[in-house]
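Here is the structure we will look at.
Just the heavy atoms: all of them, side chains too, but no hydrogens, waters or symmetry mates, feed the values below.
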Amino acid sequence: MSVALAFIPLAAGAKLSSTAIRTRIAEDWPDLPTPERAESKKEVMSIDIGGEVVMIALMRAPIPWSDLEGPCETSWLWKDAAKELRKHTSHLIVTILSKSDPIEQSKLLTQVCSSILAVCEQAPGIYWSNATLLVPSKLFQEFAQTFLPTGLPVLIWVDVRAGKRDNGKTAGFTSGMSALGHIELETETSTE
């Protein structure tokens, strides 16, 4: 069993409802099995979606800045990420416990996170930890709705970096491919 994981930062006053999240998942993703309330405890809710268990845990502290600082500095999808994320006061950890392959897990995690972002205005975006990638809420939802369920929103799953070297060649790498069951790509002296 593998685990897919994402973090959703929350601004002060964020309100979440298991019912609202399940309703929104059903509305946004009608091809999914009906989301059922599996169990809820004080700060953890679980939702069963066709046998896949989604765990949503509220952490009453911000995501550690040491985890966010680097991704904020290099974020090309969320230019003002540092400014926005310095304000967050708590966060959600969203995970899928599943026997599905990593791509199917990432699809479901994306669908669930997109629906959570849609029902929680105090969630400015998402930290896709497998790729150390930050994506603002509206863009994440747009990618999810545009590409899923028939395609793959690779740009919000895999961070791709490339740049020119002093010798005129290009260097680049990916981060996030291994979480999808593939090898990471890296080049130090490409001609393209």
Side-chain angles (χ1 to χ4, degrees), residues 1-10 16-59 63-64 67-68 71 77 90-120 123 125-135 137 139-160 173-186:
M1 178 184 299
S2 61
V3 177
L5 184 70
F7 298 88
I8 299 178
L10 301 172
L16 293 167
S17 156
S18 175
T19 301
I21 293 169
R22 288 191 327 270
T23 299
R24 187 63 188 241
I25 291 169
E27 289 171 1
D28 288 346
W29 313 104
D31 292 342
L32 287 178
T34 302
E36 302 290 337
R37 181 178 181 160
E39 185 179 339
S40 288
K41 295 181 181 174
K42 186 175 181 183
E43 296 187 347
V44 178
M45 65 178 87
S46 57
I47 300 170
D48 184 301
I49 302 175
E52 304 288 333
V53 179
V54 179
M55 302 292 292
I56 305 166
L58 173 63
M59 306 305 289
I63 300 168
D67 291 349
L68 295 177
L77 293 174
S90 59
H91 68 283
L92 298 176
I93 299 174
V94 186
T95 187
I96 309 287
L97 304 175
S98 168
K99 293 181 181 175
S100 296
D101 72 73
I103 291 177
E104 290 304 312
Q105 285 182 344
S106 293
K107 282 181 178 180
L108 184 57
L109 182 63
T110 301
Q111 291 168 309
V112 169
C113 287
S114 176
S115 294
I116 291 170
L117 292 170
V119 299
C120 186
I126 192 162
Y127 175 47
W128 196 262
S129 63
N130 289 336
T132 61
L133 195 59
L134 295 166
V135 185
S137 177
L139 185 61
F140 189 89
Q141 292 174 66
E142 183 180 312
F143 267 84
Q145 291 291 336
T146 300
F147 290 100
L148 293 173
T150 58
L152 301 177
V154 175
L155 287 176
I156 60 174
W157 289 356
V158 178
D159 193 8
V160 178
F173 65 92
T174 63
S175 178
M177 294 287 289
S178 61
L180 299 172
H182 299 282
I183 63 168
E184 299 293 349
L185 303 174
E186 181 177 359

Just jot down the salt bridge (charged side-chain N to carboxylate O under 4.0 Å, His left out) partners of Lys41, sequence neighbours excluded, or say none. Glu39
Search all heavy atoms of Met45 against all heavy atoms of Ser17 and return the closest pair with its distance. CE-C, 4.5 Å
Sequence neighbours left out, what passes side chain to side chain contact (heavy atoms under 4.5 Å, CB included) with Ala131? Give chain and number order. Trp128, Leu133, Asp159
Ile47 side, atom CD1; Ile96 side, atom CD1 - distance, nearest 0.5 Å: 9.0 Å
Identify, with sequence neighbours excluded, every residue that meets side-chain hydrogen bond (donor to acceptor under 3.5 Å, both in side chains) alongside Thr110. Trp157
Identify, with sequence neighbours excluded, every residue that meets side chain to side chain contact (heavy atoms under 4.5 Å, CB included) alongside Ala179. Asn130
Test item: Cys113 and Ile8 side chains (from C-beta on) under 4.5 Å apart, heavy atoms: yes
Using the rule given for side chain to side chain contact (heavy atoms under 4.5 Å, CB included), can you reason through Val94 versus Ile116, listing the C-alpha separation, both sets of side-chain angles and the distance that settles it, and then say yes or no? CA-CA 10 Å; Val94 186; Ile116 291 170; 4.0 Å; yes
So which heavy atom on Ser137 is nearest to which on Ala123, and how close? CB-O, 3.6 Å
Separation between CG of Leu68 and CD1 of Ile63, rounded to the nearest 0.5 Å: 5.0 Å
Gap between atom OG1 of Thr95 and atom CZ of Phe7 - 0.5 Å precision: 9.0 Å
Go through the structure and list residues passing side-chain hydrogen bond (donor to acceptor under 3.5 Å, both in side chains) with Gln111, not counting sequence neighbours. none
pair Ile156-Ile126: side-chain heavy atoms closer than 4.5 Å: no
Show your reasoning for whether side chain to side chain contact (heavy atoms under 4.5 Å, CB included) applies to Ile103 and His182. CA-CA 10 Å; Ile103 291 177; His182 299 282; 4.0 Å; yes
Sorted by chain and residue number, the side chain to side chain contact (heavy atoms under 4.5 Å, CB included) partners of Pro64 (sequence neighbours excluded) come out as Ser66, Asp67
Can you run down the salt bridge (Lys or Arg N to Asp or Glu O under 4.0 Å) pairs that involve residues 27-37, sequence neighbours left out, and say none if there aren't any? Arg24-Asp28
Per the salt bridge (Lys or Arg N to Asp or Glu O under 4.0 Å) rule, what does the pair list look like for residues 102-112, sequence neighbours excluded? Glu104-Lys107
Is there side-chain contact between Val112 and Ile49, with heavy atoms separated by less than 4.5 Å? yes
Residue set satisfying side chain to side chain contact (heavy atoms under 4.5 Å, CB included) with Glu43, at least two apart, ordered chain then number -> Leu58, Arg60
I need the His91 NE2 to Leu10 CG distance, nearest 0.5 Å. 8.5 Å
Give a yes or no answer on whether the side chain of Ser129 reaches the backbone of Thr132 with a donor-acceptor pair at less than 3.5 Å. no
Heavy-atom distance under 4.5 Å between the side chains of Pro153 and Leu148, does that happen here? yes
pair Leu16-Cys120: side-chain heavy atoms closer than 4.5 Å: yes
Side chain to side chain contact (heavy atoms under 4.5 Å, CB included), that's the test. Do Val54 and Leu97 meet it? Break it down for me. CA-CA 6 Å; Val54 179; Leu97 304 175; over 6 Å; no
Out of curiosity, Ser46 OG to Met55 CE, how far, rounded to the nearest 0.5 Å? 5.0 Å
Side chains of Leu77 and Leu139 in contact at under 4.5 Å (non-hydrogen atoms): yes
Are Leu155 and Phe143 side-chain neighbours, meaning at least one heavy-atom pair lies under 4.5 Å? yes
Taking atom CD of Gln145 and atom CZ of Phe140, what is their separation to the nearest 0.5 Å? 11.0 Å
Can you find a pair of side-chain heavy atoms, one from Met59 and one from Ser90, that are under 4.5 Å apart? no
Can you sort out the partners of Ser18 under side-chain hydrogen bond (donor to acceptor under 3.5 Å, both in side chains), two or more places apart, ordered by chain and number? Arg22
